[in-house]
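For reference, the structure is listed below as structure tokens.
Hydrogens, waters and symmetry mates play no part in the numbers below; they use all other heavy atoms, side chains included.
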Amino acid sequence: QVQVKESGGGLVQSGGSLRLSCAASLDGFKVNSVDWYRQAFGKQRELVATITATGTTNYAESMRGRVTISGDNALNTVYLQMNSLTLKDTARYSCKATRISGGMPVSYWGQGTLVAVSP
């Protein structure tokens, strides 16, 4: 059974912090990487952060220094720690888990979790 599920969203005051979680289970297949994306109302979805099975991490320039992505060795649980949140960080945050099949990436999305930052 494949399951990708986000949690941890909610309402936070500007300047505050939140930690989002992504639980990824890919029917016994190894998770090769996990990405966090976000989409604000009326805007395009953007990549926030990535972590790979080798532990490599990458961050969007817009959030570098304010977010940290981490996970367990199997990437079955991945966290996104977000600090110094601003109104511009209000969005739906979604998790994408990717495995490799026949040399090709196969990705699965969760439904997302809402983050709302208040003044």
Side-chain angles (χ1 to χ4, degrees):
Q1 184 179 2
V2 173
Q3 184 174 27
V4 180
K5 186 171 177 60
E6 305 89 341
S7 61
L11 179 64
V12 62
Q13 283 192 322
S14 181
S17 299
L18 273 180
R19 189 178 78 159
L20 307 181
S21 298
C22 173
S25 176
L26 303 187
D27 200 19
F29 291 100
K30 176 186 174 183
V31 179
N32 189 67
S33 63
V34 172
D35 306 288
W36 278 101
Y37 285 79
R38 68 179 182 179
Q39 186 169 21
F41 182 76
K43 295 191 176 182
Q44 287 189 330
R45 185 168 59 195
E46 63 173 338
L47 178 64
V48 175
T50 298
I51 186 168
T52 70
T54 61
T56 300
T57 58
N58 282 295
Y59 299 96
E61 197 59 40
S62 62
M63 297 198 77
R64 192 181 300 274
R66 296 193 297 122
V67 298
T68 303
I69 190 169
S70 62
D72 60 19
N73 288 339
L75 297 186
N76 291 137
T77 304
V78 172
Y79 302 102
L80 186 70
Q81 176 69 42
M82 303 188 295
N83 302 319
S84 302
L85 289 166
T86 72
L87 299 179
K88 292 182 179 180
D89 296 317
T90 294
R92 175 179 290 275
Y93 287 72
S94 300
C95 173
K96 183 180 78 172
T98 300
R99 66 177 176 90
I100 302 299
S101 176
M104 298 297 291
V106 178
S107 297
Y108 303 87
W109 288 86
Q111 291 192 332
T113 185
L114 289 174
V115 171
V117 183
S118 64

Could you check whether any side-chain N or O of [X] sits under 3.5 Å from a backbone N or O of [Y], counting only pairs where one atom can act as donor and the other as acceptor?
| X | Y | value |
| --- | --- | --- |
| Gln39 | Ala91 | no |
| Asp27 | Gln1 | yes |
| Thr90 | Val117 | yes |

Can you sort out the partners of [X] under side chain to side chain donor-acceptor pair (under 3.5 Å), two or more places apart, ordered by chain and number?
| X | value |
| --- | --- |
| Ser17 | Asn83 |
| Thr98 | Ser107 |
| Thr113 | none |
| Glu46 | Arg38 |

- How would you list, by chain and number, every residue that makes a salt bridge (Lys or Arg N to Asp or Glu O under 4.0 Å) with Arg66, sequence neighbours excluded? Asp89
Atom pair [atom1] ([X]) and [atom2] ([Y]), whose distance is rounded to the nearest 0.5 Å:
| X | Y | atom1 | atom2 | result |
| --- | --- | --- | --- | --- |
| Ile69 | Gln81 | CD1 | CD | 12.0 Å |
| Thr50 | Lys96 | OG1 | NZ | 7.5 Å |
| Thr56 | Ile51 | OG1 | CD1 | 8.5 Å |
| Arg64 | Asn58 | CZ | CG | 7.0 Å |
| Asp35 | Leu80 | CG | CG | 11.0 Å |
| Leu26 | Gln3 | CG | CD | 10.5 Å |

Using the rule that Ile, Leu, Val, Met, Phe, Trp and Tyr join whenever any side-chain heavy atoms are under 4.5 Å apart, tell me whether [X] and [Y] fall into a single cluster.
| X | Y | answer |
| --- | --- | --- |
| Val106 | Val4 | yes |
| Leu87 | Leu85 | yes |
| Leu20 | Leu114 | no |

- Looking at Ser14 and Thr86, what are the two nearest heavy atoms and their distance? OG-CA, 4.2 Å
- Item | Minimum heavy-atom distance Lys30-Ala53, with the two atoms named | CE-CB, 3.8 Å
- Item | Met82 and Val48, any side-chain heavy atoms less than 4.5 Å apart | no
- Query: Do Asn32 and Pro105 have side chains that get closer than 4.5 Å, going by heavy atoms?
  - Reply: no
- Item | Pairing residues for Asp72 by the side-chain contact (heavy atoms from CB on, under 4.5 Å) criterion, not counting sequence neighbours | Ala74, Asn76, Thr77
- Item | Under the side-chain contact (heavy atoms from CB on, under 4.5 Å) test, residues paired with Ala23 that sit two or more places apart | none
Ring pair (Phe, Tyr, Trp, His ring centres under 6.0 Å) partners of [range], not counting sequence neighbours, each pair once:
| range | result |
| --- | --- |
| residues 49-106 | none |
| residues 2-31 | none |
| residues 98-119 | Tyr37-Trp109 |

- Residue pairs involving residues 25-65 (criterion disulfide (SG to SG under 2.5 Å); sequence neighbours excluded): none
- Of all pairs that satisfy disulfide (SG to SG under 2.5 Å), the ones with a partner from residues 10-119, not counting sequence neighbours: Cys22-Cys95
